[in-house]
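Lettering follows sequence order; numbering is per chain, from 1.
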Protein chains: 2
Amino acid sequence: MSDINDMPGHLARRFQQIAVAVFLTEVEEAGYDLTPVQYAALVAIRANPAIDQATLAGLIAYDRTTITGVVDRLVQKGLVIRQSSSHDRRVRQLQITDEGKQTLRGITPAVEAAQRTMLRGLTAKEADELMRLLRKAIAAGNELSRAPLRGAATSEPSADRPAK
Amino acid sequence: MSDINDMPGHLARRFQQIAVAVFLTEVEEAGYDLTPVQYAALVAIRANPAIDQATLAGLIAYDRTTITGVVDRLVQKGLVIRQSSSHDRRVRQLQITDEGKQTLRGITPAVEAAQRTMLRGLTAKEADELMRLLRKAIAAGNELSRAPLRGAATSEPSADRPAK
DNA sequence: TACTGATCATCAGCATACTTATCAATATCG
DNA sequence: CGATATTGATAAGTATGCTGATGATCAGTA
């Protein structure tokens with residue numbers, strides 16, 4: 001265990017480092033300027049119109065304080081609109097713009113290419129297994145991070161959310 | 001692929017997020033104040049006395065500009081000494097201090113506990129497989145990141161370094 | 001209704017990461 | 001030897017990610 005390359009934490013950092021670099025490269029080559037974090041947020045906003053920032057953070061496992069800056073940049077790029085809610089004035093509701101939708105549609109091939117590239121050293125079976133193991137480890141460690149994944153907190157309680 | 005949870009990039013981010021949180025928690029409970037990045041750098045400096053910063057960066061796959069700040073903090077904590085080389089005055093040679101060695105010895109149990117905790121959802125066999133697959137994917141993608149791993153560049157060329 | 005606690009968003013501050021640019025020193029080529 | 005190229009270190013700027021604190025607001029209760 002004395003070698004750093006035997007430590008899962010170090011491997012996690014390296015893999016993430018490569019994943020981000022691949023994503024940025026593919027996306028830039030496609031003519032877009034969007035980070036992995038911004039992409040995930042934009043996808044979630046499109047799928048959940050009028051979502052508030054705290055719920056969004058839970059959906060994609062971001063820290064609440066990080067989401068502020070991410071949304072700031074999406075708003076600045078004209079991909080998202082942030083407006084106050086009339087029901088609860090603490091809340092900022094998020095909406096994707098037409099330009100945001102267009103960006104998502106155009107960027108999809110590059111994003112999918114990136115996912116393939118970062119696994120290019122593995123066979124299809126190995127890639128599936130890696131993702132299965134990552135999902136399993138993440139599920140077991142979800143509550144250990146400050147920004148755990150939270151199922152959508154709509155009016156009706158989600159059934160597949162682990163008991164808290 | 002439309003779901004973010006099917007994307008290896010997102011899983012990589014989540015796993016890394018948990019790994020860092022677990023590391024910091026375990027280390028803090030053991031009474032130490034060291035980040036994963038600082039720990040890896042300190043281990044590498046101990047194993048390579050009088051190493052320069054650029055070589056250190058290659059050994060643990062950090063960006064050259066990132067290493068400056070990391071070493072700054074290690075120096076500030078008294079764990080590392082940075083001194084100019086007499087042979088090449090561009091170079092800052094790094095040495096671990098006695099306090100640095102003592103910290104590494106004391107922190108080891110917490111670090112090992114952290115590595116186990118972040119894999120707690122997996123069986124031993126699954127953990128081994130996950131690490132094997134991560135290593136394989138990382139090896140294939142090494143050159144895709146800005147800060148690829150580089151074998152130690154000592155006077156004699158390293159044999160196990162992939163041809164560039 | 002006033003109090004209490006919880007929640008949403010944000011800010012300040014610290015620590016990675018990376019891009020680009022710059023400076024200083026060394027190496028190399030002609 | 002001198003112009004050029006390369007290299008080590010750092011700075012400036014941007015983007016995550018986290019801790020801790022604050023202000024505004026909401027919900028439930030005494």
Side-chain angles (χ1 to χ4, degrees), chain A residues 9 12-14 16-25 28 33-41 51-58 60-77 82-94 144-148 150 153, chain B residues 9 12-14 16-25 28 33-41 51-58 60-77 82-94 144-148 150 153:
Chain A
R13 191 187 68 84
R14 290 279 288 129
Q16 222 262 320
Q17 179 184 48
I18 292 168
V20 171
V22 167
F23 185 100
L24 292 175
T25 299
E28 191 197 343
D33 172 32
L34 211 62
T35 67
V37 165
Q38 291 165 14
Y39 171 78
I51 195 175
D52 66 276
Q53 294 186 182
T55 306
L56 170 64
I60 49 185
Y62 290 10
D63 189 89
R64 282 189 186 82
T65 64
T66 301
I67 208 79
T68 299
V70 175
V71 172
D72 278 350
R73 280 160 224 125
L74 289 174
V75 169
Q76 195 176 348
K77 290 175 181 176
R82 173 161 43 190
Q83 49 195 165
S84 293
S85 164
S86 50
H87 300 301
D88 185 341
R89 281 191 301 179
R90 292 170 303 182
V91 170
R92 305 302 158 99
Q93 292 178 322
L94 306 176
L144 300 178
S145 82
R146 164 165 150 167
R150 298 285 179 212
Chain B
R13 191 189 67 84
R14 287 282 290 132
Q16 222 264 320
Q17 178 184 47
I18 291 168
V20 171
V22 167
F23 185 99
L24 291 175
T25 299
E28 192 197 342
D33 173 32
L34 212 62
T35 67
V37 165
Q38 290 165 14
Y39 171 79
I51 196 175
D52 66 276
Q53 294 186 181
T55 307
L56 171 64
I60 49 186
Y62 290 10
D63 188 272
R64 281 191 185 83
T65 63
T66 301
I67 207 78
T68 300
V70 174
V71 172
D72 278 351
R73 280 160 223 125
L74 289 174
V75 169
Q76 196 176 350
K77 289 176 183 177
R82 175 161 41 190
Q83 49 194 166
S84 293
S85 164
S86 49
H87 300 301
D88 186 340
R89 281 191 298 180
R90 291 171 304 184
V91 171
R92 305 302 159 97
Q93 291 179 322
L94 305 177
L144 300 178
S145 84
R146 303 299 165 221
R150 296 286 177 212

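The distance between atom CG of B:D88 and atom P of C:dT28, rounded to the nearest whole Å, is 12 Å. Put simply, CZ on B:R92 is 16 Å from P on C:dC23, counting in whole angstrom units. In this structure, CZ of B:R64 is placed 8 Å from P of D:dT7, rounded to the nearest angstrom. One atom, CG of A:D52, and another, C1' of D:dC26, lie 14 Å apart when rounded to the nearest Å. Regarding A:I67, its CD1 atom lies at a distance of 15 Å from the P atom of C:dC11, rounded to whole Å. A:Q83 places its CD atom 16 Å from the C1' atom of C:dA9, with the value rounded to the nearest Å. Distance B:L94 CG to D:dT10 C1': 14 Å, rounded to the nearest Å. Rounding to whole angstrom units, OH of residue A:Y39 and P of D:dT16 are separated by 15 Å.
To the nearest 0.5 Å, atoms CZ (A:R92) and CD (A:Q83) are separated by 11.0 Å.
Remark: the backbone N or O of A:A54 is not paired with any side-chain donor or acceptor of A:R150 at under 3.5 angstrom.
Here B:Q53 reaches the OP1 or OP2 of D:dT10: one of its side-chain N or O atoms lies under 4.0 Å away. Within the 4.0 Å cut-off from OP1 or OP2 of C:dT10, at least one side-chain nitrogen or oxygen of A:R82 is found.
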Expected list for residues 64-76 of chain B: side-chain donor-acceptor pairs under 3.5 angstrom, two or more places apart:
unit_1, atom_1, unit_2, atom_2, d
B:T65, OG1, B:D63, OD1, 2.6
B:D72, OD1, B:R82, NH2, 2.3
B:R73, NH1, B:G69, O, 3.3

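The shortest distance between side-chain heavy atoms of B:P36 and B:L24 falls below 4.5 Å. In this structure, the side chains of B:Q93 and B:S85 come closer than 4.5 Å at one or more pairs of heavy atoms.
Partners of B:Y62 according to the ring-ring contact (aromatic ring centres under 6.0 Å, His included) rule, which considers only residues two or more places apart in sequence or in another chain, do not exist here. With sequence neighbours excluded, the residues forming a salt bridge (charged side-chain N to carboxylate O under 4.0 Å, His left out) with A:R90 are A:D88, listed by chain and number. Take A:R14 and apply the side chain to side chain donor-acceptor pair (under 3.5 Å) test, not counting sequence neighbours, and it matches A:Q17, B:N142.
Of all heavy-atom pairs spanning A:A12 and B:A19, the tightest one is CB-CB, 4.5 Å.
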Name the pairs: protein N/O against N/O of nucleotides 14-18 of chain C, kept only if under 3.5 Å.
unit_1, atom_1, unit_2, atom_2, d
C:dT16, OP1, B:T35, OG1, 2.6
C:dT16, OP2, B:Q38, NE2, 3.0
C:dT16, OP2, B:R73, NH1, 2.4
C:dT16, O5', B:R73, NH1, 3.4
C:dC18, OP1, A:Q17, NE2, 3.0
C:dC18, OP2, B:D63, N, 3.4

Contacts under 3.5 Å, N or O only, protein and nucleotides 22-24 of chain D:
none

